[in-house]
Amino acid sequence: MSAGASTTKATRAWQRMLSGRRLDLLDPSPLDVEISDIAHGLARVARWNGQTRGDHAFSVAQHSLIVEQVFSLAQPAATPEERLMTLLHDAPEYVIGDMISPFKSVVGGGYKAVEARLEAAIHLRFGLPAHPTRDLKMRIKRADTVAAFFEATELAGFSLTEARKFFGVPNGVTREMLEMEPLPAIQAQQRFQERFAEIELLRGNTAR
């Protein structure tokens, strides 16, 4: 057997992005992260495995906008950095997709490790701490849970009883405050990028 025949072909662990970047999933570099790729990808990843009502999938981009809105309503004194980390709380899913919670528990730690590396690369790319503090993570999670309650009842077929059991009862936020109608991907992508740019202006950054 020749040496060439016995050589194992290396497994590809990177993804080519539409920006032209090549992002390594196992060792992601902040230099290969672009907001245009994040917005494009999240706008085309469906929440709830696509099991939602409407003519369009309810995207992770739209979900992220709602979570940031809920977070800002609950915490008007939040810093721009905290708001940006909230907007980007699911950003790794532009590469690895949105895995529903029941499946995450089956997959285990490997998924979380990849997710954490991607989160760090994304945050560092935009001048943020690699990961949110425990306190901030809990506050983002509360906003995320409020968003999930309304998504579940308005779009995913949950009864109010089921939703209260899994997500609790939202306080201070009503359905009328949130845009729950699923957006076309191109609109969700544009709004995500626009909100990113607005927060960057608040941070004093104009070029990303």
Legend entry - Side-chain donor or acceptor of Gln190 paired with backbone N/O of Gln187 under 3.5 Å: no
Legend entry - Parallel, tilted or perpendicular: rings of His131 and His123 (30°, 60°): tilted
Inset, instruction - Please determine if Arg53 and Glu154 form a salt bridge, counting it only when a charged side-chain N lies under 4.0 Å from a carboxylate O. - result: no
Inset, instruction - Spell out, yes or no, whether Leu65 and Leu183 are grouped together once hydrophobic residues are joined by side-chain heavy atoms under 4.5 Å, including indirect joins. - result: no
Legend entry - Aromatic ring proximity Phe196/Phe126, centre distance under 6.0 Å: yes
Inset, instruction - Could you check Arg47 against Thr52 for side chain to side chain contact (heavy atoms under 4.5 Å, CB included), going step by step and ending with a plain yes or no? - result: CA-CA 8 Å; Arg47 290 271 292 168; Thr52 51; 5.6 Å; no
Legend entry - Test item: Arg203 and Thr79 side chains (from C-beta on) under 4.5 Å apart, heavy atoms: no
Legend entry - Donor-acceptor side-chain pairing of Ser64 and Asp90 below 3.5 angstrom: no
Inset, instruction - Before accepting this row, confirm whether a basic side-chain N of the pair Glu179/Arg191 lies closer than 4.0 Å to the acidic partner's carboxylate O. - result: yes
Legend entry - Polar side-chain atom of Arg21 near backbone of Glu34 as donor-acceptor pair, under 3.5 Å: no
Legend entry - Exercise: identify the closest heavy-atom pair between Glu181 and Gln62: O-NE2, 2.9 Å
Legend entry - Main-chain N/O of Thr86 paired with His89 side-chain donor or acceptor, under 3.5 Å: yes
Legend entry - Qualifying residue for side-chain hydrogen bond (donor to acceptor under 3.5 Å, both in side chains) with Ser72, from Gln75, Gln69, Glu68: Glu68
Legend entry - Within-4.5 Å side-chain heavy-atom neighbours: Met180 and Ile66: yes
Inset, instruction - Ignoring hydrogens and angles, tell me if any N or O in the side chain of Asp24 forms a donor-acceptor pair with the backbone of Leu26 under 3.5 Å. - result: yes
Legend entry - Side-chain heavy-atom pair Lys112, Glu115 within 4.5 angstrom cut-off: yes
Inset, instruction - Could you tell me whether Lys165 and Glu162 make a salt bridge, using a distance below 4.0 angstrom between a side-chain N and a carboxylate O? - result: no
